[in-house]
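Structure first, commentary second.
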Amino acid sequence: MTETVELRVTSKDWQSHRPTWCPGCGDFGVLSATRKALVNTQWQPKDTVIVSGIGCSSNFPHFVGGYGIHTLHGRSQPVAQGIKLSNPDLNVIVAGGDGDGLAIGMGGFLHAARRNMDITYLIMDNQVYGLTVNQASPTSTMDRKTRSTPYGNIEHPISPVQLAISAGATFVARTFSKEGKQFESIMQAALEHKGFAFIDALSPCVTFNKVNTYDWFKERVYDLNAPDSDHDTSDKIAALTKADEDFSGQIPIGIFYQTQKPTYEELDPTIQKFGNVITRGALKIDPETRNKILADFR
Amino acid sequence: MTETVELRVTSKDWQSHRPTWCPGCGDFGVLSATRKALVNTQWQPKDTVIVSGIGCSSNFPHFVGGYGIHTLHGRSQPVAQGIKLSNPDLNVIVAGGDGDGLAIGMGGFLHAARRNMDITYLIMDNQVYGLTVNQASPTSTMDRKTRSTPYGNIEHPISPVQLAISAGATFVARTFSKEGKQFESIMQAALEHKGFAFIDALSPCVTFNKVNTYDWFKERVYDLNAPDSDHDTSDKIAALTKADEDFSGQIPIGIFYQTQKPTYEELDPTIQKFGNVITRGALKIDPETRNKILADFR
Amino acid sequence: MLDQISIRLSGQNGDGIFSSGDTLAKILTRSGLKVHGARSYQSIIRGGHVSYSIRANTGDVRAPADYIDVMVAIRPDSFIADVMPMMKAGGKVLYDSKGFRIKDPEVPEGVTLIDIPAMQMARDIDSSIKILYNTVFVGAVVAMYGLELEVHETMLKGFFQRKGDKVVQINLEAARAGYSWVEENTSKVEHSVVFDRSKDGIYIGGNETLALGMLNGGLQSYSWYPMTPATPVGSFLATYGPLSGCIVKQMEDEINVSNYAVGAAFAGARSACGTSGGGFALMSEAIGFASIIEAPVVFIEVARGGPSTGLPTKTEQGDLNQMLGASQGDFPRAIIAQEGIADGFYLGQESLNIAEKYQMPVIIASDLYMGEHFETLDGLDFDRIPIERGKLITEDIADDELPYLRYKLTDDGISPRVIPGVANGMHDAGSDEHDEDGALVSDKRAGFPEAIEVRIQQMKKRMKKMDGLLKELPPPEVWGPGPDEANLLVVSWGSSRDTVREALTQAEADGVKGASLNIKYILPFHGKEVGEILRAYESAGVKILGVEANYTGQMMRYIRGETGFEIKDKYLRYEGEYILPREVRGAIEQFMNGGLQQ
Amino acid sequence: MLDQISIRLSGQNGDGIFSSGDTLAKILTRSGLKVHGARSYQSIIRGGHVSYSIRANTGDVRAPADYIDVMVAIRPDSFIADVMPMMKAGGKVLYDSKGFRIKDPEVPEGVTLIDIPAMQMARDIDSSIKILYNTVFVGAVVAMYGLELEVHETMLKGFFQRKGDKVVQINLEAARAGYSWVEENTSKVEHSVVFDRSKDGIYIGGNETLALGMLNGGLQSYSWYPMTPATPVGSFLATYGPLSGCIVKQMEDEINVSNYAVGAAFAGARSACGTSGGGFALMSEAIGFASIIEAPVVFIEVARGGPSTGLPTKTEQGDLNQMLGASQGDFPRAIIAQEGIADGFYLGQESLNIAEKYQMPVIIASDLYMGEHFETLDGLDFDRIPIERGKLITEDIADDELPYLRYKLTDDGISPRVIPGVANGMHDAGSDEHDEDGALVSDKRAGFPEAIEVRIQQMKKRMKKMDGLLKELPPPEVWGPGPDEANLLVVSWGSSRDTVREALTQAEADGVKGASLNIKYILPFHGKEVGEILRAYESAGVKILGVEANYTGQMMRYIRGETGFEIKDKYLRYEGEYILPREVRGAIEQFMNGGLQQ
Ligand SMILES: Cc1ncc(C[n+]2csc(CCOP(=O)(O)OP(=O)(O)O)c2C)c(N)n1
Ligand SMILES: Cc1ncc(C[n+]2csc(CCOP(=O)(O)OP(=O)(O)O)c2C)c(N)n1
Ligand code: SF4
Ligand code: SF4
Ligand SMILES: [Mg+2]
Ligand SMILES: [Mg+2]
């Protein structure tokens, strides 16, 4: 007789290669909070896939246990969807940068949001292209000088939070790399949320972004879900309104919005009929279906 | 002695090839209202460029006077920006479909919106891919059957209006192909707006969309800017709130939002120094600048 | 007396030409014939000019008819676009001069005009169904060829059933009316084709056989974005995929279509995606990605007239260069051309096997003509090709088999492949260069002697798969006479196969002893074998002609690059219409008698 | 006694290696030498291993040094990655054993270790500036070669000026400290290179000369998205474009970069855009679009190690297939490879002229080595190449010259081109096939005899431009001995030119009489001329070797396709490091003595 002992998943199970980020990079905080949240979920690393694009932040999968797929710049979202629909039993987490997700990946991001697959998406938002050595990103503030904007940035930064809500994401939050506790709990909530959960993680680039630094954020962030806050996370308009507060004033962090909608995988006709097609296996058309199809061509 | 007579631009000046749309297509209404609005502006056709993608609606430039460029599927926005920045004296209008602008063109659309160049963008929104003969588009309502969704659409439709506002468009409106008067005036306001103006034009596909028909819309649309409406078009949150009303209830049409921000071209350092580079001409580097550059490499 | 059947229905978009053509083709199929059907249409939804050409006979019919014997010319334009170029003496045109206001239409000499008041007849039956006249015309054609009205009736019953009895009834009446009118007012077509209702086939297009083949090959994921002429693959699978365990996802653009397909493959699904040339351009980057992470994905490229948006509803074999060049760098992938309708069924399955066994992207080269024409098939063998998944690990890896190395160096370059969910198989699959374990060598290891070595090993490992695959692929075979008997060798590829062979058969009458080499496996390429074939024919004094549907002769150029052999004479077509056997025959005649004028 | 200068600074990202290397290179340039500088780095921002190699001499220096004479080895890794592979007996290594905890480093035999306490010296001067030690090391190198300290001081003053007097002062002290330490503690390098401060040059990279050339060619629009190694073109133009009438736009991705460039060209701007392989894959569709609407756009492709994300900081000539295949269908475009640093300056201008005169896309093929290495140049001629805009109409068209036809059929295939704003020039430019006026033939006209004719005419018209361009392009020229004197012909392309020629010069000592054919104009291609050259050398019994930096020998395969001539022997490199002359020389030696082992 065998006895199955459910082994507790510990932080060690979520370790992998040593991060290659610059010392002090905001992404370290993101990584450790994510690992903690993963432990909290007690998910199995073998059933978890971390998907990323290309950028400093997109090296993330190499630093976390579980399966990883480090895709192309801006293409993590479709890859994640291909994984999730093929095998809905996997936990799928997408991680990447603001350039990756909001410039080249903008279309993929918002379409992912509206589809509401059960995927968690984490942007390490440092308002800069790190890996390509300092160019303006879609969240760079006006006037900032970078190697691509030597005379100052002249494009209005976007609000990924507001866009995600508008596009139909069912869980939308912002947090800050230095707020470890909040990060961990938001991350956990996102992982456990059934549907598309988006986190805009403020994660300073200590090497290139000399404006939006740790201190700069520390002075500005406030907890949207603080006990004394009257923010209602089920109120989409309230969430859009809060998301409209830009970097010129105080910056709300916390869960902006959460709602429940059926996930895409719950609605897909193939999954409804067959469940997980990977588990089912790659099979020839069964004779009955074959005849049904052929009849349509007679 | 010559006398310059400013000839009045008439509707005839905005005529071109005969439309090839199906009889009754919503795009006819869009076309005639646009022509009227163009006459109202008294713009010169020769100074106007109509840019489109690929789709039934994207054949638009062929049916309107002025210069036209009928680009690739989903790529009208970057082409329009290349034109506008090179020659800011041109009037640039972008026209296309919901598939073109909101599926493959989503990223380009929202980045165009945030840049706020002085461009007018018109989506002929028929909630379907017309030219490829009936597939679901990003604005198709849930459950609709099309050739790509034989078991019903399972993707939540997006609100192009809300997304445009979130992305930073400075003029955002929705109108309906059958509301000729409103269409004309909104179109004129959009053309005259200094900045990125977006119009979501409800324009039924009589051939493929048997759900969102003229009658269906007629029963639902109401004028957001009616004399008795308390909608404040300068209030972004109010606009986002109105934009949240989806097709399940009544459908607001009218101007949702309008504001003023500096246009991109006003902020561009090259344009600030040289104005219109086309008029300036293609010139060699002047000796002074040449020496300045070379000095940096010594 | 005609020894085959050749019909075209011509009219405007909205006349119901396509469904009428389908009906007619299926009537012929159910009458025991082999049918070839091809449509012509425009990038416009209503009002444009369309046609549907049918050729049928008792034996296999694999090329379009050279001339049309019976034309249904509904609109005035039908005479310009169809009657004039496609008819010759003896042909008969059914048209309705009053109903469609056609006065004194121009026709080639010797063509008979049969003026049938189809519109009026239809109105008399029921004026509410606007296009009922097309059923009248079809009924008339059925009568012209002496087909059984009952077969037509059965078709109509099946087709209109879901619209209710009344509609069925009306259509039956219309068919009968057309049928009777011919019986009473005109002479039938004299032909020697024998009908046999006991025979049974399906009437299906090249896109559909490919889709059906993939589905029977255990396809589990298909992603797509609509693009003519690849759309029917997506529609077919959207309909039938959910019945057979295949998830079908329309994405927001082709970039994401292709990356979705890579994700599905990584997760362990048999995965494919499809598009046409412009969409394929957008997929380029994902092809290299699939290759470096060694994910098996089938990419379908159904080409249309280029460049750019070009001629979206016309055919061309113009995307070979693009397929050969898609994505940066050197990496293993296969390119295989679909050669025929039945071929698509088997290729669909074979391509998935190759993709999974070699863990590489496979590109299927098709084109509008190949994908959108139809033929009657019988005897598709659903069991011929087994599902082969290669070195796939789906069971948990035992602790004593560790470490598991996803990109392990092996003799054949193929490493055992694990899918997420398998215990002990965890690794990172990355688009950067990596070591056996999947760890990056592009970042902090790059440039160190150890990383340089890893890079070289992984490049060699990946490329080695091309050698293995080449050995497995069937070498090219020449159809027709050998070097000593032939006086002509025609080299073509993919969709041109059957038209070329029909032309060669015809040309026998002109004294041509023609062999045909049609390239199917493009990458890896049997350069040695093809070179040998070409040189063998050349040294035997056989003339060699290249035939392909593009401007620059992309395949002939490729062959030269791979074999050093230059095929100097080429019959190239690039205006978008599918090639007729008689046109190839004409080119052959010119070529044999001196030289081609292009 | 050394007859040239060869230095490498090696350390980790964050040690200031690149700015120190620049400083040293400019000191040498200001001392009247020609310098070759090349960096090596990784896809990681801090902590990764980087190096900067410098070779200098009085005459032109156009290839990297084979061996390093003086190495500054800051980190332990420097010994593994740089000292071991790049040094030989006689070389000297400056390092700081205490400061960077380097114990008993391994060095090749005969290499001298010079342990200089740079870190401590820097701390003694100012402990707040963390990487001041690099200035100490540079000062030491300046002393080792007997360069003038004053030149170093002037450089430092210029460089640190904007940081204030204090920083300048500290750096001057550090430089002097390093300089004095060498004077006092070790022997200098003995060399015969003569310094001459009266000579004047600029020290500039291949990306920068290309950008500078385009700017001097009247560039008015440059669009881009960051991607190594093409990014410096964008940064250069972002800085200097606004000073010279060029609008520079960073877009959200490469698709939109390329379509922006088409829009700018349509509006009448001289337009270019740039990227590397992965981004170029995304631009493919726009290339065909530019070609069919006949918009002049220059596309820059600075290749890096592939496939896919591959080796982002390493070099490769692996994207030739991709450039040749980019976009569906057949259409005119040019592909030209950048051959050298100075070449970039003229090519930048020439490419814009070709684009506008032939109204077609021009692709510039460069690579990481080409774009990111530096040389000393003097005498750039800003007036040599006039700005030629071709048949461009910018004045209103008179009523009596109507109708204006944008795609008018002409003898040379080039139609007068109008830009928006011009009265009477209005038309639609479309990606669909169109007639002379720009009206679609893909929709309701498609398939009619008239539209088929238009299609054929427009295809021929467009492709005719390739003939005109080919005639205008300078035919390939062989460097070195003719067929009768040579015993070796090396065929290479683009960036390999100078390294190959240096290797051939070296190999003279081995009895090699080597000629070099380096391909610059790839499309249209001088197939006839290249074929003649190859056959001439072959028939004279000259051995022929192909050299290129990719796995499959893409250019050699292309040449075979265009000429039928197979270059069987190839020295191929694909591990990402730039090729050293001695490596080519080694390959040549092997090849001449029997055969290459790869
Ligand atoms: C198609 C393509 N374009 C461009 C690049 C170059 N690239 C790599 S990372 C990156 C931006 C990274 O910025 P972000 O996503 O914000 O990540 P960060 O490095 O800031 O974490 C770019 C442009 C690429 N790899 N592929
Ligand atoms: C890259 C690419 N993908 C796909 C297509 C095929 N295509 C042409 S139009 C179209 C969709 C049209 O839908 P929409 O933009 O809504 O325009 P409509 O026809 O409904 O007006 C598609 C998918 C294409 N031309 N190019
Ligand atoms: S460059 Fe910035 S984002 Fe990248 S690792 Fe360094 S600190 Fe982090
Ligand atoms: S298919 Fe629909 S959108 Fe296209 S022209 Fe017809 S009615 Fe209009
Ligand atoms: Mg970033
Ligand atoms: Mg639409």
Side-chain angles (χ1 to χ4, degrees), chain C residues 40 42-44 48-49 80-81 85 277-278 280-282 284-285 288-289 291-292 306-314 316 318-319 321-322 324-331 431-433 442-444 446-449 452 455-456 459 463 550-552 557-558 560-561 564 566 574-577, chain D residues 40 42-44 47-49 80-81 85 277-278 280-282 284-285 288-289 291-292 306-314 316 318-319 321-322 324-331 431-433 442-444 446-449 452 455-456 459 463 550-552 557 560-561 564 566 574-577:
Chain C
S40 168
Q42 307 175 314
S43 190
I44 175 177
H49 182 77
I80 301 167
F280 189 83
L282 296 172
S284 310
E285 199 192 5
F289 171 40
S291 190
I292 198 168
S308 201
T309 311
L311 292 169
T313 65
K314 296 293 166 185
E316 193 170 290
D319 296 357
N321 288 344
Q322 167 164 275
L324 286 166
S327 207
Q328 69 276 18
D330 281 315
F331 56 89
S431 63
D432 283 79
E433 189 58 276
S442 60
D443 63 351
K444 67 171 196 287
F448 284 94
I452 292 175
R455 156 69 168 182
I456 293 172
M459 279 296 284
M463 296 305 289
N550 60 54
Y551 189 96
T552 55
R557 200 172 276 252
Y558 176 64
R560 192 179 188 197
E566 185 182 10
Y574 52 90
E575 89 291 359
E577 303 305 313
Chain D
S40 168
Q42 307 174 313
S43 190
I44 176 177
H49 183 77
I80 301 167
F280 189 82
L282 296 172
S284 310
E285 200 192 3
F289 171 41
S291 190
I292 199 169
S308 200
T309 310
L311 292 169
T313 64
K314 296 292 164 183
E316 191 171 293
D319 297 356
N321 288 344
Q322 167 163 278
L324 286 165
S327 208
Q328 69 274 18
D330 282 314
F331 56 89
S431 63
D432 283 79
E433 190 57 278
S442 60
D443 63 351
K444 66 173 198 286
F448 284 94
I452 292 174
R455 156 71 169 182
I456 292 172
M459 278 296 283
M463 295 305 290
N550 59 56
Y551 189 97
T552 56
R557 200 170 277 252
R560 192 179 188 197
E566 184 182 10
Y574 53 89
E575 89 291 358
E577 303 304 313

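This structure is a prediction, so every number in the text was calculated from the model and none was measured. In what follows, every chain begins at residue 1, and chains take the letters A, B, ... in the order their sequences are listed.
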Pairing residues for C:Asp432 by the side chain to side chain donor-acceptor pair (under 3.5 Å) criterion, not counting sequence neighbours | C:Ser442

Between [options], the one whose heavy-atom pairs under 4.5 Å with chain C are most numerous:
options: D:Ser327, D:Ser431, D:Gly278; result: D:Ser431
options: D:Ala281, D:Pro307, D:Gly47, D:Gly48; result: D:Pro307
options: D:Leu311, D:Ile44, D:Asn321; result: D:Leu311
options: D:Ala81, D:Ser40, D:Ala326; result: D:Ala81
options: D:His49, D:Lys314, D:Glu316, D:Met459; result: D:Met459

Salt bridge (charged side-chain N to carboxylate O under 4.0 Å, His left out) with C:Glu433: which residues, sequence neighbours excluded?
-> C:Arg455, C:Arg462

Strictly distance-based, threshold 3.5 Å: is any side-chain N or O of [X] a donor or acceptor partner for the main-chain N or O of [Y]?
X: C:Gln42; Y: D:Ala446; result: yes
X: D:Asp319; Y: C:Gln328; result: no
X: C:Gln322; Y: C:Gly277; result: yes

In terms of heavy-atom proximity below 4.5 Å to chain D, should C:Glu566 be classed as side chain, backbone, both, or neither?
-> neither

Examine whether an atom of C:Ser291 lies under 4.5 Å from a heavy atom of chain D, and if so say whether it belongs to the side chain, the backbone or both; otherwise answer neither.
-> neither

With a 4.5 Å heavy-atom cut-off, do C:Glu577 and D:Ile452 have their side chains touching?
-> yes

Does any non-hydrogen side-chain atom of D:Met463 lie less than 4.5 Å from one of C:Thr552?
-> yes

Heavy-atom pairs under 4.5 Å with chain D are the metric here; pick the option from [options] that has the most.
options: C:Gly306, C:Gly288, C:Gly310; value: C:Gly310
options: C:Gly564, C:Pro85, C:Ser284; value: C:Gly564
options: C:Phe331, C:Phe280, C:Phe289, C:Phe448; value: C:Phe448

